[in-house]
Each structure stands twice: as C-alpha cells, then as structure tokens.
Amino acid sequence: MSENVGVYQRMLEHAREFSTEVRQIDSDVNRQFREHVHYRQRYSIKQQALFNVLTAYSMYNMELGYCQGMAGVAGVLLMYMDDEQAFWALNTFMTDSKYAMHGLYIEGFPKLTRFINHHDKIVGRFLPKLQKHFMKHSLDSILYSLKWFFVIFVERVPFSLCLRIWDIYMIEGERVVVAMAFTILRLHRTKLLKMKDMDLMTDFLQTQMHKDFGYDDDYVIRAVEQSMIELKRNKMDLLPPPLPREFPQNPLGKFIEPDIETKIGRRKSVFTQNELRTTEAVILRQEAIAPDIVSNFSSDTDENLTGILLEDSSSIISTSLARTSIGSTTNDWSVISGDDSNGLDDVDLNEDILLKAANSILVSSSSLKSINNDDNETQWQ
Amino acid sequence: MALDFAATYKVLVLGDSNVGKTCIVHRYCDERYYDTYISTIGIDFKQKLINLDGVPIKLQIWDTAGQERFRTLTTAYYRGAMGILLMYDVTSLESFNNLSYWLRNIQENAAPDVVKVLAGNKCECLPAQRMVEKERGDKIAENFDMPFFEVSCKNNINIEESFLTLARQIREQREHRGENFDNDGMQERKSGTGSNGLGPFTLGNSPDSNRCSC
C-alpha cells in the first residue's frame, strides 16, 4: 500500500491542470443523489469530494476517463468513506477481476454487452413466457436492465435494497448482479405479464420499482440467494469470459495526452471499429424484436426445462435458505442474508458491512500489480 | 383490444449532455418541472397521448444520454425515429457548436426524410449567462430547414409548441409520403424502418393511413 501514498493527491493536482472531463463530471455531480443529505447542497463537502474522486480517477485511469454512471458508483462509496478511500475502492471496482467494471464503461461497453446477452439467455431459459411477452411488446432488455448492470441497481431499486446487493457484490462479485437481474423479473413476472404496453413495463421497471419494490428486502435477498443456487446448478451463474480489452491496457497512472478535439470538447465525427460493432449489435437486437419477426418466433425454448420452481414465485421461498452457504461465500453471508428481523437496522447494518468490505477492497487494491509507482514518477514528473 | 389513438409517432431527443433533454421530456409528459435531475444513462422512454388537431396520437419519446461515449447505443435508435428534437443550451456555446456534429450524425444514421425541430433551452437565463443569441439559432434552423424555438423547461416556455410542431410535421410528412406511390405503407413496413418495436407506423383508421393505400 505504501506505493500508493500520495497518488490520489498527485492525480488531483494533475486533474486541475489536464482533465478534459471536468465539465461532464461537474454536471453529473450536480445531478447525483441530490435527495441524500450529503449531496443535497450544491458544492457541499461530499459534492466536492465526488467531483475530486472522479476527476482524479479520470487522470489515474486515462483509458477509461470518466463515463456517466461512475458518479453513481463513487457517490455510494463516498457515503461511507473519505475521498482517498473512495478513490482506491473505485479503482478496485474498475480493475480487480472480481468486479472489472472498467469493461462496462470503456468505448463500446463490451462488458455491458456480455451482461445483457447473458441476461437474455437466462430469461429465455427460465422465464420464456416473459421473454415472449417482452418481445411481443417490443421491449428490448437494454431498456430496462442497462442501469442494473451499469451502476449495480442504483436508482432502480430502493436504496436500502440496493445497498444489500452492493454488500453481496463486494463479497461475491458480479454473480449477484446476474442473479439479482433474474430475480427482479422472476418476482415481478406475473405483474409484468399483465402489462400490455411497453410504456407501462418501462415505467414499472425504471421508476415505480425504485419507489416501492413490492417485497421487503430480506425476502428479496433470500430470493436472490435462491437464484444464485439455481443459476449455478445450471452453470449460468457466471458471465462468459471477458475480452482482453476489458482490462486497462496501459499501466495505471500513466498520462496519455488527449487529442486536440477532446481538449476543446468537440465531438468526434468518425466512429471507431469498436463503436460500430456495438451499434450494429444493438440494431440487430432491435430487429430481433420487431413485431413481424415475433409472430413467427417459435417456442423452441423449453418451458419445462427449469423448473417449475422458478416459474412459481410462491414456492421460491418455501424453506428458509437464509443460512445456506453458497459457493465460496465467507462467514459474512449469514449477516447479509441474515435474520435482522428489525428492518430499521438495515442501514446501519449495511454501513458496517460496507465498511468491512471497503477495508478488504482497500487491502486488495494495494496488491494490484498494475500500480507501479516508478512508472508514475517518470510519466508525471 | 381497441386502440384509442390513430397513430404512433416515434420521437428522439438529442443533444449534448446537460442541455435539458430529460427535463423537457418530463416537463412535457408529466407537466412538472424538477429542479434537480438524474443524468440519463443509456436511453429512457416515455410516451404521451396527445390531441393533434382533433386526432389522438401516441407520441413515443426516446430520451438519450448526451455523453459522447453513449453514441454507440443511442445511434442505434435513430433508424426508427420519425422525428428528432435536437437541443442545445443557450448558456453553453459548446452545445451549440456541436449541433453540426449532431446534424451530420442524424444525416448518416436516421431516415433521410426524418423531421427535425431545433430547441435552444434555458432561454430564461440572465442576459449575462447567455452565450448563444437567438439569431444564431434562427440561422442554423433556416439552413437546415427545421422549425426553431427557444424554450425554457423551468418557466414552461414553448415546450408544448416544440413537440406539437414536431408532431404536425411528422403528420404532414406522412401525408406527403402517402401521396407518393413508391413509398406506400407496405413498402415502409417491409423496409423495417419501424423496427424497434413500433410496428407499422399507423394504427387504426387515421386519415393518413387511408390515403396511403391509394
């Protein structure tokens, strides 16, 4: 960890001088968690901290820079940490192979594509009726699931539930994200099937569910746990492997001179190959859900494959699974899914776990090979 | 199920980050102004049933993220758009200068006859904050043959007008298209312009669709 001493401060100084992302970051800080006491006031201490962490990180990981969505992630971290801790925790989220969010935010969003394709596969396999229903009403899963994957459910489910998922995310990594996405649809399947309009479904999944999830947090967490087991049994709990470019290609902390267009804030007129590929993939998705295609869509998905258990939400939690351990879960699991019968303690509990997990993140971030102090020195002078 | 609207018009809202795209959509659809907003990640969707000179129309409004990196996602939505509300912020010269980028992007990715309306938001600002004079907006609008409004989401100025103008232009353009035999409704359906879930553009018996099948 010693080699990281002073890095945050140095990046902050460089950001003041060179960052091309400051305006975007400033406008996003202005719009992030404004109902939270820390962020309510413009230029409050935490708003400044959020600005600092994001600008400093945009200098530390220049391949990534800043992408909208990162403000939400850093914003949550800063509710429980000071800015330097949040900076390193953010770095761990981006670069540690357990989270590898770098690939979510870089040009072309390769990891988002992996998440969404995998999610579609799960829905097709376990909830085929719902998938057909979505297709019939032309609801592309990108539309409802993007923020689930991009910012780990921030502003899509109630904050207390979101924190519970974050707790597990810190310990388990992306498996819980895959499982939660599936669980949301599983729990709300009947309700969604009754909605005969894309607008109703997007409004429910994007807005209403954030206000009121409809199930209490403990119940949802148990359902997520059950989903994780079920997905693992079917070997669908993990995403397909990442592309090499989903990880930073250059040493972190290395300064890359931005081109003139970036410096003056002009948009690039030419799309790169990576960008074109992503756009093409999204267009193909849209074609796949065009209504005339849907009517021919044969039911080759086997509805019986999985399980009646999954199609029947009432039986999800027939037995208490709260203490079932899953895979490599640590002893923290029992606390997370545990029997905190008093819902009012949720936030405190989460704070505890977040801090605990944050510490472990901080420790692991110090061991990241890619942090090479010598490199930084020469690059930054 | 009987449809109580005559047609669905798909509209895309484009422009730089923080010009007020989500704001104008909420102002129009929810008839409310929220002072603080969450930034749009990716693409959002809202719809509104409107009364367009006596004809009920469903406006599907697609609200996009403005940050450049998101163009890989948002560009895919250009193809099905029948109308585009292109926005800039009168207090940001950069957002105005980038209009040429947006217009070129529209030209390259949207249908050639897509209808455009230009809106310069935050016109309620103090004179000292204004970076783009109205005349400059007029000029670019004239060059690209699109109606132009200075709007204010905060003070509810010209919001309704912008969307109604867009809807009227879409209607006119569809009528025009209907007169043209080569571009009749069937062709349109096959070409897949209406993909992304809009299906056939005209549903029910709008006067437009009657004229189409001449």
K.L.:
Run A/Leu143 and B/Trp62 through side-chain contact (heavy atoms from CB on, under 4.5 Å) and show every step you take.
P.N.:
CA-CA 10 Å; A/Leu143 210 56; B/Trp62 297 76; 3.7 Å; yes
K.L.:
Tell me if a side-chain donor or acceptor on A/Gln286 pairs with a main-chain N or O of B/Arg79 at a distance below 3.5 Å.
P.N.:
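Side chain of A/Gln286 to backbone of B/Arg79, a donor-acceptor pair under 3.5 Å: no, none is there.
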K.L.:
Is it the case that A/Gln24 and B/Ser17 place a side-chain donor and acceptor less than 3.5 Å from each other?
P.N.:
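Per modelled atom types, A/Gln24 and B/Ser17 side chains form a pair under 3.5 Å.
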K.L.:
So which of A/Arg267, A/Glu155, A/Gln32 has the largest heavy-atom pair count under 4.5 angstrom toward chain B?
P.N.:
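Heavy-atom pair counts peak at A/Arg267.
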K.L.:
Grab the two heavy atoms, one from A/Tyr66 and one from B/Gln67, that are nearest each other, plus how far apart they are.
P.N.:
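So the two residues come closest at O-NE2, 2.9 Å.
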K.L.:
In terms of heavy-atom contacts, does NZ of B/Lys139 have more than 12 from other residues, nucleotides or ligands at under 6.0 Å?
P.N.:
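Result for NZ/B/Lys139: open.
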K.L.:
Check the surroundings of atom CD in A/Gln249: do more than 12 heavy atoms from other residues, nucleotides or ligands lie under 6.0 Å from it?
P.N.:
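Yes.
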K.L.:
Would you say B/Lys58 and A/Asp197 make side-chain contact, with heavy atoms under 4.5 Å?
P.N.:
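B/Lys58 reaches A/Asp197 side chain to side chain.
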K.L.:
Does the pair A/Thr202 and B/Gln47 meet the rule for a side-chain contact (heavy atoms from CB on, under 4.5 Å), with working shown?
P.N.:
CA-CA 10 Å; A/Thr202 48; B/Gln47 69 181 32; over 6 Å; no
K.L.:
Any idea which of A/Gly69, A/Cys67, A/Ala281 has the most non-hydrogen atom pairs under 4.5 angstrom with chain B?
P.N.:
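Of the options given, most contacts go to A/Cys67.
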K.L.:
Supply the atom-to-atom distance A/Thr279 OG1 to B/Asn109 CG, rounded to the nearest 0.5 angstrom.
P.N.:
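That separation rounds to 7.5 Å.
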K.L.:
Between atom CZ of B/Phe70 and atom CD of A/Glu275, what is the distance when rounded to the nearest 0.5 Å?
P.N.:
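If we round to the nearest 0.5 Å, B/Phe70:CZ and A/Glu275:CD are 12.0 Å apart.
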K.L.:
Are any of the side-chain heavy atoms of A/Gln206 and B/Asp44 separated by less than 4.5 Å?
P.N.:
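Yes; the side chains approach each other to less than 4.5 Å.
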K.L.:
Under a 3.5 Å distance rule, please check whether A/Gln68 uses its side chain to pair with a backbone N or O of B/Ile41 as donor and acceptor.
P.N.:
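Not at all, since once roles are kept as given, no pair shorter than 3.5 Å links the two residues.
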K.L.:
Check A/Val282 against B/Ala76 and note the closest heavy-atom contact, atom names and distance.
P.N.:
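Between these two residues, the closest heavy atoms are CG1-CB, 3.5 Å.
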K.L.:
Is there a side-chain contact (heavy atoms from CB on, under 4.5 Å) between B/Tyr77 and A/Asp140? Walk through the geometry before answering.
P.N.:
CA-CA 12 Å; B/Tyr77 288 81; A/Asp140 185 346; 4.3 Å; yes
K.L.:
Find the distance between CD (B/Glu108) and OG (A/Ser269) and round it off to the nearest 0.5 Å.
P.N.:
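So the CD of B/Glu108 and the OG of A/Ser269 are separated by 7.5 Å.
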K.L.:
Output the distance between atom CZ (B/Arg69) and atom CD1 (A/Ile106), rounded to the nearest 0.5 Å.
P.N.:
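Interatomic distance, B/Arg69 CZ to A/Ile106 CD1, rounded to 0.5 Å: 9.0 Å.
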K.L.:
Specify which of B/Thr40, B/Thr74, B/Asp16 makes the most heavy-atom pairs with chain A at under 4.5 Å.
P.N.:
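Heavy-atom pair counts peak at B/Asp16.
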K.L.:
Please check if the number of heavy atoms outside B/Asp145 that lie under 6.0 Å from its CG is greater than 12.
P.N.:
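No.
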K.L.:
Which distance, rounded to the nearest 0.5 Å, do you find between the CG of B/Asn97 and the CZ of A/Arg266?
P.N.:
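So the gap between those two atoms works out to 8.5 Å.
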K.L.:
Do the side chains of A/Glu107 and B/Arg71 get close enough for a salt bridge, i.e. N-O under 4.0 angstrom?
P.N.:
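Between B/Arg71 and A/Glu107 there is no salt bridge, as every charged N stays at least 4.0 Å from the carboxylate O atoms.
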K.L.:
Taking only Lys NZ, Arg NE, NH1 and NH2, and the carboxylate oxygens of Asp or Glu, determine whether B/Lys48 and A/Asp199 approach each other closer than 4.0 Å.
P.N.:
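Salt bridge between B/Lys48 and A/Asp199, a charged N being under 4.0 Å from a carboxylate O: no.
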K.L.:
Quick one: do B/Glu94 and A/Arg23 make a salt bridge, cutoff under 4.0 Å?
P.N.:
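Salt bridge flag = yes for A/Arg23 with B/Glu94.
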K.L.:
With a 4.5 Å heavy-atom cut-off, do A/Phe271 and B/Asn105 have their side chains touching?
P.N.:
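In contact.
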K.L.:
Got a second to check how far B/Leu73's CG is from A/Thr113's OG1, nearest 0.5 Å?
P.N.:
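Rounded to the nearest 0.5 Å, the CG-OG1 separation comes to 8.0 Å.
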K.L.:
Quick one: what part of A/Val270 sits under 4.5 Å from any heavy atom of chain B, side chain, backbone, both or neither?
P.N.:
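Only the backbone of A/Val270 comes within 4.5 Å of chain B.
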K.L.:
Counting only heavy atoms closer than 4.5 Å, note whether B/Tyr101 contacts chain A via side chain, backbone, both or neither.
P.N.:
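Side chain of B/Tyr101 only, per the 4.5 Å heavy-atom cut-off to chain A.
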K.L.:
Of the listed residues (A/Tyr144, A/Tyr105, A/Phe33), which shares the most heavy-atom pairs with chain B below a 4.5 Å separation?
P.N.:
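Between A/Tyr144, A/Tyr105, A/Phe33, the count favours A/Tyr105.
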K.L.:
When you look at CD1 of A/Ile45, are more than 12 heavy atoms from neighbouring residues, nucleotides or ligands closer to it than 6.0 Å?
P.N.:
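No, not enclosed.
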K.L.:
Applying side-chain contact (heavy atoms from CB on, under 4.5 Å) to B/Asn18 and A/Arg31, what does each step give before you reach the verdict?
P.N.:
CA-CA 10 Å; B/Asn18 209 30; A/Arg31 298 182 282 183; 3.8 Å; yes
K.L.:
Around atom CD of A/Gln208, are there more than 12 heavy atoms of other residues, nucleotides or ligands at under 6.0 Å?
P.N.:
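Yes, the 6.0 Å shell around CD holds more than 12 heavy atoms from other groups.
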